[in-house]
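Take a look at the structure set out below.
Within every chain, numbering begins at 1; the chains are lettered A, B, ... in the order of the sequence lines, protein sequences first and strands thereafter. On a predicted model such as this, the values are computed, not experimentally measured, just so you know.
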Amino acid sequence: MALYSEKVMDHFRNPRNVGVIENADGIGEVGNAKCGDIMKMYLKIDDDCISDVKFETFGCGSAIASSSMATELIKGRPVREAMQLTNKAVAEALDGLPDYKMHCSVLAEEAIRSALEDYYRKNPEKRPEA
Amino acid sequence: MMIYADNAATTKMSRAAIDAMLPCMERDFGNPSSLYSIGQRAKELLEQARADVAAVIGAAPREILFTSGGSEADNQALRSAAELGRRSGKTHIISTAFEHHAVLHTLKRLEKEGFEVTLLDVHEDGLVRPEELQAALREDTCLVTVMFANNEIGTVQPIRELGAICRAHGVLFHTDAVQAMGHLPIDVQADNIDLLSASAHKFHGPKGVGFLYARKGVPLTNLIEGGAQERGRRAGTENVPAIVGMAAALKESAANMQANAERMTKLRDRLIRGIGEIPHAALNGDAARRLPGNVNFCFEGIEGESLLLLLDDRGISASSGSACTSGSLDPSHVLLAIGRVHDVAHGSLRLSIGEDTTEEEADYIIQNVKEAVEYLRSFSPVWRDLMSGKSSFIL
């Protein structure tokens, strides 16, 4: 049995939405180099939709694949949907991750949430009512 | 191209080992403890293997105990020395911070049982200083255990000098020679070794078998109780095919050792030069005092597991000290012991080439490591911060 699913390997080998968005509307960075994983997400938001998303990741294969899959799941979606992205959804979309790699999907969820928080900080009027 | 560059993890079995093993399974399958001829034939093969192994390291056959591998040999060596020490009120053990876990975890257990352990510094070059061993010795030291060559960074310790210091103080000296056996000349007499562990699958023998050398007069404590096999020091019917395969592999490795070492050292240095051209990369461990087949680098701004996956896609099997490859949160204790910080220890790569690795393969590895590191850095936020000056380079 392979370490990772074909889906994980596909997203690792051909990561989607890699790179940087200049003048992004929201930027989130989570993780730390000491633990071996850092994810950085850049969001472009138009009309309350994620019009573009890019990522940069320092990390293992599943961290790269999780970042890539997370960007795919939110690209073109309304911000409120993106806010609800869960690590479970990321892991499921990847056809599963080994147990000890689940934290990679958690990082992806946190990176997106952190980028959205950044967007709300800059645009408080957009923040939905609690 | 398929290149196996993880010979420190395990090796392909040699033809000689396989050929020696087959008759033990098909024809001479008897139990060495049985008195009839088919059993006695197995006994002869077993004892011939013992003599062969002993001859390679300058030991007497009676001083060789067959085990299930290096870990068992390490466990038994440490337990035995500790037991001897305890009986005479000596409960201090000296080792190093970058030993194999078979040693470190046994030491942890012994600490819980009341032993005190001093770990010697292995410095940035991955080498123990004999004068520091000298200084660490105490009246109540019962054992010094220092590996012959490190499994990750390949540094070769000054075993003969360390052994001489121990002998002068009447302290038992054990060495985990799992990585060195079959690759470096070892003479237990000249090297002043009392106890030594080895594992067959690191020198083209089968897995699940190894041996413990215990100098005559060093009593061993059993880990496995039962029958009277191995002169009562290790119960259980001997794995004759594996033992015979191990002896055949070791004999062959020893016979070709010098020629192999010369060739592999050249290739190793070619790899070190080539990979060393990558910016912000650093060799781990001393460049010269290392195993002929070991290359180990840290690369700044990338993580090791993703590097291994990319190399695997290109047919190269290698290893890393990254936390992600171990299932734990911490990177290799060996890299931390030589002073690499977590951030760069995660970005390590170990290549351990074999006797049959070619120059062409070495160049292919260099090219692919360069490309893979560059690619991973191209979307690494850590690398971006380093390049933009937001954080500073360590390597």
Side-chain angles (χ1 to χ4, degrees), chain A residues 2-22 24 27-42 53-68 71 97-108 111 114-115, chain B residues 280 298-314 317-332 335-336 340-349 371-388 390-395:
Chain A
L3 176 63
Y4 293 128
S5 71
E6 267 310 307
K7 257 293 181 32
V8 172
M9 287 311 292
D10 176 38
H11 276 261
F12 167 69
R13 290 184 182 116
N14 309 292
R16 280 66 147 176
N17 306 309
V18 170
V20 175
I21 298 175
E22 301 297 339
I27 298 177
E29 183 174 316
V30 296
N32 65 68
K34 192 166 185 275
C35 299
D37 289 300
I38 294 184
M39 284 183 199
K40 195 165 182 180
M41 291 278 174
Y42 302 83
V53 49
K54 299 268 189 219
F55 81 89
E56 291 181 306
T57 290
F58 160 90
C60 58
S62 63
I64 292 169
S66 295
S67 324
S68 166
T71 61
L97 286 172
D99 283 349
Y100 69 102
K101 295 287 189 177
M102 282 306 283
H103 73 275
C104 293
S105 63
V106 173
L107 272 185
S114 156
Chain B
H280 303 289
C298 276
F299 304 104
E300 201 147 13
I302 65 157
E303 191 280 330
E305 193 219 60
S306 45
L307 178 59
L308 296 190
L309 291 172
L310 286 176
L311 293 177
D312 185 33
D313 273 352
R314 294 153 187 232
S317 312
S319 144
S320 170
S322 151
C324 276
T325 61
S326 67
S328 80
L329 285 175
D330 285 317
S332 143
L335 297 177
L336 298 179
R340 295 289 186 220
V341 296
H342 280 65
D343 311 45
V344 297
H346 286 297
S348 79
L349 173 71
E371 286 173 15
V373 170
E374 197 181 327
Y375 168 70
L376 290 170
R377 281 175 173 174
S378 76
F379 61 94
S380 160
V382 175
W383 185 249
R384 167 178 300 280
D385 287 349
L386 290 166
M387 292 303 278
S388 69
K390 201 173 151 194
S391 54
S392 2
F393 286 104
I394 298 165
L395 304 180

Handout entry: Step-by-step side chain to side chain contact (heavy atoms under 4.5 Å, CB included) determination, A:Ile27 to A:Lys40
Key = CA-CA 7 Å; A:Ile27 298 177; A:Lys40 195 165 182 180; 3.9 Å; yes
Problem - side-chain hydrogen bond (donor to acceptor under 3.5 Å, both in side chains) evaluation trace for B:Glu305 with B:Ser322 - result: CA-CA 7 Å; B:Glu305 193 219 60; B:Ser322 151; over 6 Å; no
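Residue with the most contacts toward chain A among B:Asp313, B:Val341, B:Leu310: B:Asp313 (heavy-atom pairs, distance under 4.5 Å). The most heavy-atom pairs under 4.5 Å with chain B, out of A:Asn32, A:Thr57, A:Ile38, come from A:Thr57. Considering only heavy-atom pairs separated by less than 4.5 Å from chain B, the leading option among A:Gly61, A:Cys60, A:Ala63 is A:Cys60. Per-residue counts of heavy-atom pairs under 4.5 Å with chain B were compared for A:Ile64, A:Asp99, A:Val18; the largest is that of A:Ile64.
Taking the six-membered ring for Trp and thresholds of 30 and 60 degrees, B:Trp383 and B:His280 have ring planes more than 60 degrees apart, a perpendicular arrangement.
Not counting sequence neighbours, the partners of A:Val20 by the side chain to side chain contact (heavy atoms under 4.5 Å, CB included) test are A:Glu22, A:Tyr42, A:Glu56, B:Arg384. When the side chain to side chain contact (heavy atoms under 4.5 Å, CB included) test is applied to B:Ser378, the partners found at least two apart in sequence or on another chain are B:Tyr375.
For B:Leu307, no part sits under 4.5 Å from any heavy atom of chain A, backbone or side chain.
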